[in-house]
Number of protein chains: 2
Amino acid sequence: MVDSSNDFGRIIKQQRITLQLTLQQLADVSGVSPSHLGRIERGERFPSAHILRKIAQPLNFGEDELFTLAGYLSSEPLKVTEKDPTYSSGRLDPYVAAVLSQEPVEIQRTVIGILTLLKNIGRSMSE
Amino acid sequence: MVDSSNDFGRIIKQQRITLQLTLQQLADVSGVSPSHLGRIERGERFPSAHILRKIAQPLNFGEDELFTLAGYLSSEPLKVTEKDPTYSSGRLDPYVAAVLSQEPVEIQRTVIGILTLLKNIGRSMSE
DNA sequence: CTTGACATTTGCCAGTTGGCAAATTATAAT
DNA sequence: ATTATAATTTGCCAACTGGCAAATGTCAAG
């Protein structure tokens with residue numbers, strides 16, 4: 001299965017690169033084969049919970065953080081999301097709320113500041 | 001494959017019974033086939049993260065909670081949040097919630113993705 | 001340019017997941 | 001008990017996961 005907008009893989013890869021690890025090294029530490037790790041990074045495989053748990057710690061992710069990321073970023077959009085009006089715009093996504101509430105209010109507002117900035121940039125570029 | 005001490009299945013089943021749902025009804029709501037749900041309940045299948053996520057909401061479980069129950073997660077709370085009292089307010093600033101909820105969920109999640117990336121960069125730079 | 005040493009990707013395939021439909025079992029109602 | 005109906009389980013199999021080994025890509029040193 002290929003995930004065309006492979007956010008999860010990109011995040012994993014970014015973190016591996018940041019930590020200066022090769023696939024082989026991450027494989028040694030996590031016990032997951034380098035080939036499989038590579039396929040996860042480029043969205044050719046969707047890792048099982050078992051694998052997610054193995055790679056969470058070596059990548060400095062909280063386990064549940066990685067699970068939540070994987071769940072929400074998985075290739076198949078949730079039908080529930082489409083059917084349930086409470087999940088569409090006008091409401092705050094529960095996952096987003098959960099993650100943000102872990103941050104100090106200062107950080108929360110900074111995030112909003114960045115969002116506003118990006119929107120302004122986008123607006124001015126489309127004129 | 002059979003899980004001899006099938007705690008997870010029992011908990012899932014208990015919750016389904018409590019909510020007065022049949023396998024068929026839970027299947028309709030969650031989008032997971034009744035046969036598969038049945039096999040999960042009696043420990044003949046280990047649900048993927050994808051399936052876990054689908055059934056969490058209809059059963060009134062938080063996703064992390066369900067992952068923990070599934071035995072994939074350690075039950076330890078997040079280290080960062082626990083050790084640093086100034087770090088988390090534990091709640092979402094109302095202004096932040098108001099602004100973010102005006103964006104599509106997709107954007108909301110992208111914002112979180114950016115935040116995560118920035119945190120990872122910061123973490124690796126301070127080592 | 002070539003060699004050698006790693007790093008990453010690909011080919012292959014055994015094992016597992018999860019859906020569909022048929023079979024079986026439980027539950028009512030007469 | 002008998003039939004009808006709903007709920008659950010089983011048989012089957014297409015699709016996916018993840019490991020191993022081979023192939024390919026990358027790059028620094030000679």
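So you know, we letter chains A, B, ... as the sequences are listed, proteins then strands, and number each from 1.
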Does A/R39 make a side-chain N or O approach to OP1 or OP2 of C/dT10 shorter than 4.0 Å? no
With respect to the side chain of A/L23, which nucleotide from D/dT10, C/dG18, C/dT9 is positioned closest? C/dT9
Measuring only between side-chain heavy atoms, which start at C-beta, is B/I40 closer than 4.5 Å to B/I51? yes
Taking atom types as they are modelled, is there a donor-acceptor pair under 3.5 Å from the base of D/dC20 to the side chain of A/S35? yes
Min side-chain heavy-atom separation A/S48-B/S48 under 4.5 Å: no
Given C/dG18, C/dT9, D/dT17, which nucleotide is nearest the side-chain atoms of A/R42? C/dT9
Would you kindly give the NE2-to-P distance between B/H36 and D/dT10, to the nearest whole Å? 15 Å
Roughly, in whole Å, what's the span from CG in A/D28 to C1' in D/dC20? 15 Å
N/O donor-acceptor pair, side chain A/R45 with base D/dG19, under 3.5 angstrom: no
Here the distance between atom P of D/dG19 and atom CD1 of A/I55, to the nearest Å, is 11 Å
Grouping I, L, V, M, F, W and Y whenever their side-chain heavy atoms are under 4.5 Å apart, do A/I17 and A/F8 come out in a common cluster? no
Select one nucleotide: of D/dT17, C/dT17, C/dG19, the one nearest the side-chain heavy atoms of B/S33. C/dG19
For atom CZ of B/F46 and atom P of D/dT17, their distance in whole Å: 18 Å
When the distance from CD of A/E41 to P of C/dT10 is rounded to whole Å, what number comes out? 13 Å
Using atom CG of A/L21 as one end and atom P of C/dC6 as the other, report the distance to the nearest whole Å. 17 Å
Would you call B/E41 and B/R16 a salt bridge, taking side-chain N to carboxylate O under 4.0 Å as the test? yes
Atom CD1 of A/I51 to atom P of C/dT16: distance rounded to whole Å? 14 Å
May I ask you to test the B/P34-B/L26 pair for a side-chain heavy-atom distance under 4.5 Å? no
Sugar-phosphate only, base, or nothing, as touched by A/T22 at under 4.0 Å among non-hydrogen atoms: sugar-phosphate
Which whole-number value in Å describes the distance from B/Q24 CD to D/dA7 P? 8 Å
